[in-house]
Amino acid sequence: MNETSYLGRLARQEFMGPLIALILIVAIVAITTPAFLDPQNFRNIALQVSILSIVAIGSTVVIITGGIDLSPGSMIALLTMCLAVFIKTYGLSLWLAIPLTLLIGCGLGAINGILVAYIGIPAFIVTLAGLSAFKGLALTLNGGTPAFSLSPELREVFYGTLFGLPLPFYYVIGIYALFTVVMEHTRLGREIYAVGGNASAARLSGINVARVRLIAFIFAALCAAFGAVLLSSRLNSGSPNYGTLIELQAIAAAVVGGASLAGGRGRIVSTLIGALIIIVVQNGLNLNAVTTSMQSLTIGLIILIAVGVDVWRGRIGNMIARTFGRAQKEA
C-alpha cells in the first residue's frame with residue numbers, strides 16, 4: 001500500500017473527524033489556560049469522563065439501531081437510590097448490592113425495549129416517559145431525600161488505584177474493549193448495524209429485529225447502571241437529583257463521535273473521543289470561569305463543528321489523496 005492510499009484511507013476513517021476536533025480543542029484550552037496542563041487536572045478529567053463515556057456506550061448502541069434513549073439520567077438517579085437503600089436500609093454487602101443494582105438496571109432497559117420493539121411505541125416517546133417515570137420512582141425511595149455516607153468501601157470502587165492508575169481507567173478500558181468486540185466481531189454486532197441501516201432488509205434477511213432492539217436497550221440500561229454505581233461511589237451517596245442531563249451529554253458524545261442519528265453508523269471507540277471532547281470543553285470553560293449560559297452555548301457550537309468535520313471526513317480524505325497524488329506525479 002503506497003503512502004497516498006494509506007493517508008487517504010486514514011483520513012476517511014470515522015474516528016478522524018472527532019480526533020481532529022479533540023486535538024484542536026485540547027490545543028486551544030492548553031494555550032488559553034495554563035492550569036489545564038497540570039497533572040492533577042488531567043486526573044480530574046479522566047475521572048470525570050469515566051462515567052459519561054460508559055453511559056455514552058449504551059446511547060451509541062441504541063442510536064446505531066436507529067433509536068434514541070432519553071432515560072439514562074433519570075435511570076441513574078433511580079439506581080443510585082436503589083443502591084443506597086440496599087446498603088443503608090437493608091444492610092446488604094457492597095458486593096451483593098452492586099450486582100442487584102445492575103440487574104435492576106437491565107430490567108428497566110428491558111421495559112424500554114419491550115415497549116419499543118414489541119409494542120411498537122416510538123423510542124422517543126417511551127424513553128421520554130421513562131425520563132419522567134424513573135425520576136418519580138427515585139423520589140419515592142428514602143422519602144425522596146438523598147442518602148449519604150453509604151460505605152467507606154464504596155468510595156474505593158471509584159477512588160481506588162491499581163498500579164498507580166485510578167480504577168475508573170480500567171473500567172472504561174475493559175467495558176470499551178468488550179463492547180468493541182461485540183459490535184465489530186460478533187453476529188449480534190452485525191445485526192445491530194443491519195437493523196439501524198435498513199430494518200426492513202434486516203427482517204427479510206432473517207434477523208429478529210425486535211430482539212435486536214430489545215438487546216440494544218438492555219445494553220444501554222446496563223451502561224447507565226454502571227454509571228450509577230460509579231457516581232454513587234464517587235460521591236458515596238445516592239440522590240434522586242443525580243444524573244441530570246447526562247442523557248443529552250451521552251447522545252452528544254455519540255453524535256460527536258460520528259454516530260448517525262439515522263442509524264446504521266457509529267463506532268464505540270469514537271464515542272470515547274466524543275465523550276473526551278465534551279469533558280475537555282467543560283473543563284476548559286470551568287477553568288476560565290465561563291458562565292453556565294456561555295458554557296451551554298460554547299458546547300453546542302463545538303458539537304456542531306465536530307459533527308461538521310465528521311460529515312466532511314470523506315471529502316477531506318479524497319482531497320488529501322488527490323493532493324499527494326499530484327505531488328507524486330510532479331515529482
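Note that this is a predicted model, so its numbers are computed, not measured. Positions are given from 1 along the sequence.
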Distance check, rounded to the nearest 0.5 Å: [X] atom [atom1] versus [Y] atom [atom2]?
{"X": "L128", "Y": "E247", "atom1": "CG", "atom2": "CD", "answer": "10.0 Å"}
{"X": "F219", "Y": "I57", "atom1": "CZ", "atom2": "CD1", "answer": "11.0 Å"}
{"X": "I114", "Y": "I218", "atom1": "CD1", "atom2": "CD1", "answer": "7.5 Å"}
{"X": "S149", "Y": "R155", "atom1": "OG", "atom2": "CZ", "answer": "9.0 Å"}
{"X": "S74", "Y": "L137", "atom1": "OG", "atom2": "CG", "answer": "10.0 Å"}
{"X": "L141", "Y": "L79", "atom1": "CG", "atom2": "CG", "answer": "10.0 Å"}

Any donor and acceptor pair, going by atom type alone, linking the side chain of [X] with main-chain N or O of [Y] inside 3.5 Å?
{"X": "T80", "Y": "A77", "answer": "yes"}
{"X": "T33", "Y": "A30", "answer": "no"}
{"X": "N41", "Y": "L37", "answer": "no"}
{"X": "Y118", "Y": "L214", "answer": "no"}
{"X": "T145", "Y": "G143", "answer": "no"}
{"X": "Y193", "Y": "G266", "answer": "yes"}

Would you say [X] and [Y] make side-chain contact, with heavy atoms under 4.5 Å?
{"X": "L231", "Y": "I246", "answer": "no"}
{"X": "L230", "Y": "R234", "answer": "no"}
{"X": "F158", "Y": "L167", "answer": "no"}
{"X": "F217", "Y": "L115", "answer": "no"}
{"X": "L22", "Y": "V26", "answer": "yes"}
{"X": "I251", "Y": "L70", "answer": "yes"}
{"X": "T127", "Y": "L131", "answer": "no"}
{"X": "W95", "Y": "P99", "answer": "no"}

Linked, directly or transitively: [X] and [Y] (ILVMFWY side chains, under 4.5 Å):
{"X": "I31", "Y": "I45", "value": "no"}
{"X": "V255", "Y": "L248", "value": "no"}
{"X": "V181", "Y": "V172", "value": "no"}
{"X": "I278", "Y": "F42", "value": "yes"}
{"X": "L154", "Y": "L103", "value": "no"}

Do you know which two heavy atoms are closest between [X] and [Y], and how far apart they sit?
{"X": "V62", "Y": "I68", "result": "CG1-N, 3.5 Å"}
{"X": "K135", "Y": "T244", "result": "NZ-OG1, 4.0 Å"}
{"X": "N288", "Y": "G284", "result": "ND2-O, 2.9 Å"}
{"X": "R265", "Y": "G258", "result": "NH1-O, 2.8 Å"}
{"X": "F134", "Y": "M75", "result": "CE1-CE, 3.6 Å"}
{"X": "V256", "Y": "G274", "result": "CG1-CA, 4.0 Å"}

_Tell me which pairs pass salt bridge (Lys or Arg N to Asp or Glu O under 4.0 Å) where either residue lies in residues 178-188, with sequence neighbours left out._
E184-R267, R187-E191
*Please determine which of T101, I76, T140, N142 meets the side chain to side chain contact (heavy atoms under 4.5 Å, CB included) test together with M81.*
N142
*Sole residue of L83, V157, I51 in side chain to side chain contact (heavy atoms under 4.5 Å, CB included) with S233*: V157
*Taking atom types as modelled, find out whether Y242 and S232 have a side-chain donor-acceptor pair closer than 3.5 angstrom.*
no
*Passes side chain to side chain contact (heavy atoms under 4.5 Å, CB included), F179 versus T271? Steps please.*
CA-CA 11 Å; F179 273 89; T271 294; over 6 Å; no
*Begin with the C-alpha distance, continue with both residues' side-chain angles, and end with the deciding distance and a verdict on side chain to side chain contact (heavy atoms under 4.5 Å, CB included) for L102 and F226.*
CA-CA 7 Å; L102 297 178; F226 273 114; 4.1 Å; yes
*Apply the test side chain to side chain contact (heavy atoms under 4.5 Å, CB included) to residues V126 and I119: give CA-CA distance (whole Å), side-chain angles for both, the deciding distance (0.1 Å), then the verdict.*
CA-CA 10 Å; V126 168; I119 307 301; over 6 Å; no
*Could you go step by step and tell me if L285 and M294 meet the side chain to side chain contact (heavy atoms under 4.5 Å, CB included) rule?*
CA-CA 9 Å; L285 294 175; M294 287 303 297; over 6 Å; no
